[in-house]
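Reading through the structure tokens given below for one structure.
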Amino acid sequence: MMKRFIALTFLATLFFCVGCKKDSVKPEEDDGRDPDKEILLRDSTYYYSLLFSLWEDKLPQPKVGNDGKADLKAFTGSFQTSEDVFKALKKYAPDDRFSFADRAGTVSEEIQQGVYKETGITPIYISVTDQNNNTQTNLYVKVVQKGSPAEKAGLIRGMKILSINGDSKIDYDTDEKQDFKNFYKVMTGEGALELVVQAAGETGTKKITVSAAAYNIDPILIKKIFTVNGKKVGYLFYTSFVNVFSNSKPNAYYNAMLDAFKEFETANIDELVVDLRYNGGGSTSSAEFMANLIAPVAAGKGKMYDYKVNKNLAEAGWNDNSNPEAPFQSVNFNKTNSLNLPRVYFLGTTSTASASELVINVLKPYMTVELITTNGRGTYGKPVGFFGWPTVNGYADLYITSFQMNNKDGYGDYFSGLTGQKKDARDGFLTQLGDESESLLAAALDHIATGSYSARASARRSKTGLDVIQTPQQPEMKSYRNNMYKFSKDKMPSLPIKD
């Protein structure tokens, strides 16, 4: 294995020599990108996947000529883009649903800085039935980000979108035939959108105009304290694990999370419900921080998780616990706050991914974790992550799935998602988040009150008189959000490679 890794270093000279030779790029595929840089990025995708991928041993190896040098283009030559190469490599490593190239610096903006450029609406297609048993599948507002253009315009969860810029043919079947253009339009805000909406349980409609704009996300969507049978229950709805460190120092996101838990401590809560149902993940540092705040005092300095990396990175010392500069050393708890609960509830769906799942998994060896999910399914299933690797002189960052996390008990194999004590709860799309009657939250509160998961919470009907029947297959969301990013080191150790 080491010989093969060393042999890869010889790729550099050949790689960046043949990379200068122009490949044919079809005119119809010229979308304004630099064709020469695209070729280099395409070849870089293969090259660095061989070095970094957690599944590098399953990837096709480059052909080696009589001169002992590898020919990357023997594999990449039939592809046009980095995305094409990733798609081909994923056929050999089917667990890698995640690796991608970031050309626009979106990860840096959103996950590291918390700057989103969109409307702030997450839409959803759901089927509902009314009192007359009429069922329709239409577009609804699933959640609205705090501080977003959508919130400022007055949009709220549960609103049915009746038309977009005068177009009322936006039902699921129609939009599916159009590659879900209206679904994406609501999120991205292509120009000013004039929406006709109807709030859940209301007969009147209203016109709301919203446009995409840059805004700083506030991941603490809701923070509340309920009283249930004499118990104080803290409730936190957290939407994204935006990095809590800037330039290796705690930032405003760090302080906001810390203040939220201080409030729970001051109130002397007896139970905690953390709502991660739409949280696709983010920074590992932020997940670690939340886990530290939730963990019982007995966790102390105990093991949080270990990294699993490929043989290339292991032999290069990247997970060497004796080297303080190694980026993938084992992570330990650092419990400093006084919150000391024996149990925590997590609310999840198939949109609960990566860093969210990490928090849940690392706490299981130290406290009772009650995980409540929906529709007979668990969470998304992403126990792996990556770091950004700048390529082609900063033309793009490659995010190649490079590490897996295992908790103190050695468990981290949940590619099919985490499942918990109750997985048949329901998401109350037509009820506001944080409302005690919202069905997913109600499942946790009922368990706190009664000690069991009753059918009552799952079957609880919305205050609006409408009931969600099913959620149709949704188009893919922005995949870079359902991920786990390691930003804790300003610089990765050097490898014998060139760029």
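- Using modelled atom types, one finds no donor on one side chain facing an acceptor on the other under 3.5 Å when comparing Tyr116 with Asn216.
- Ion pair Arg103/Glu38 flagged as a salt bridge, since at least one NZ, NE, NH1 or NH2 atom sits closer than 4.0 Å to an Asp/Glu carboxylate oxygen.
- Between Phe264 and Phe261, the two ring planes are perpendicular [angle over 60°; tilted spans 30° to 60°].
- Val197 is listed as a side-chain neighbour of Leu155, based on a closest heavy-atom distance under 4.5 Å.
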Test side chain to side chain contact (heavy atoms under 4.5 Å, CB included) on Leu162 and Thr205 and set out the steps.
-> CA-CA 9 Å; Leu162 301 172; Thr205 63; 3.4 Å; yes
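- Side chains of Tyr215 and Gln145: no donor on one and acceptor on the other come within 3.5 Å.
- Ion pairing of Glu438 with Arg426 is absent here, as no side-chain N (NZ or NE/NH1/NH2) approaches a carboxylate O to less than 4.0 Å.
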Report the C-alpha distance between Gln136 and Asp171 in whole Å, list the side-chain angles of each, state the deciding distance to 0.1 Å, and finish with yes or no for side chain to side chain contact (heavy atoms under 4.5 Å, CB included).
-> CA-CA 8 Å; Gln136 289 186 323; Asp171 59 280; over 6 Å; no
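- Looking only at side-chain heavy atoms (C-beta outward), Glu436 and Phe226 come within less than 4.5 Å of each other.
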Determine, step by step, whether Tyr399 and Phe98 satisfy the ring-ring contact (aromatic ring centres under 6.0 Å, His included) criterion, reporting the C-alpha distance in whole Å, the side-chain angles of both residues, the deciding distance to 0.1 Å, and the verdict.
-> CA-CA 8 Å; Tyr399 287 89; Phe98 319 106; over 10 Å; no
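- In this model, a donor atom of one side chain and an acceptor atom of the other lie less than 3.5 Å apart for Ser338 and Glu265.
- Within 6.0 Å of NZ in Lys423 there are 12 or fewer heavy atoms belonging to other residues, nucleotides or ligands.
- Judged purely by atom type and a 3.5 angstrom limit, Thr373 uses its side chain to pair as donor or acceptor with the backbone of Arg377.
- The one candidate from Ile360, Val359, Ile294, Val273 that meets the side chain to side chain contact (heavy atoms under 4.5 Å, CB included) condition with Val344 is Ile294.
- The existence of a salt bridge linking Glu151 and Lys146 is excluded, since no basic side-chain nitrogen approaches an acidic carboxylate oxygen closer than 4.0 Å.
- Partner of Trp389 under the ring-ring contact (aromatic ring centres under 6.0 Å, His included) criterion, out of Tyr47, Phe100, Phe52: Phe52 alone.
- Put simply, CE on Met405 and CG on Leu358 are 5.0 Å apart, with the number rounded to the nearest 0.5 Å.
- The aromatic ring centres of Phe429 and Tyr140 sit 6.0 Å or more apart.
- We find the CD1-OG distance between Ile220 and Ser240 to be 12.0 Å, quoted to the nearest 0.5 Å.
- Side-chain contact of Ser82 with Thr45: a donor-acceptor pair under 3.5 Å is present, judged by distance alone.
- For the residue pair Thr374 / Asp427, no side-chain donor-acceptor distance below 3.5 Å is found, with atom types taken as modelled.
- Ring geometry for Trp318 versus Phe387: interplanar angle of 30 to 60°, hence tilted.
- In this structure, CD1 on Ile126 lies 5.0 Å from CG on Leu430, to the nearest 0.5 angstrom.
- The distance from atom OG1 of Thr239 to atom CZ of Phe237, rounded to the nearest 0.5 Å, is 7.5 Å.
- A salt bridge links Arg277 and Asp275; the closest N-O separation between the charged side-chain nitrogens and carboxylate oxygens is under 4.0 Å.
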Decide yes or no on side chain to side chain contact (heavy atoms under 4.5 Å, CB included) for Asn243 and Tyr253, but give the supporting numbers first.
-> CA-CA 7 Å; Asn243 198 9; Tyr253 293 109; over 6 Å; no
What do the steps show when you test Lys232 against Glu271 for salt bridge (Lys or Arg N to Asp or Glu O under 4.0 Å), and what is the final call?
-> CA-CA 6 Å; Lys232 290 184 178 180; Glu271 303 278 1; over 6 Å; no
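- Residues Val196 and Lys206 are not in side-chain contact: their nearest non-hydrogen atoms beyond the backbone lie 4.5 Å or more apart.
- Between the side chains of Thr379 and Glu357, at least one donor-acceptor pair of N or O atoms lies under 3.5 Å.
- Aromatic rings of Phe403 and Phe386 (six-membered ring for Trp) have centroids beyond the 6.0 Å cut-off, not under it.
- Between Glu176 and Lys181 there is no salt bridge, since none of the side-chain N atoms of the basic residue sits less than 4.0 Å from a carboxylate O of the acidic one.
- For the residue pair Tyr305 and Glu288, a side-chain donor N or O sits within less than 3.5 Å of a side-chain acceptor on the partner.
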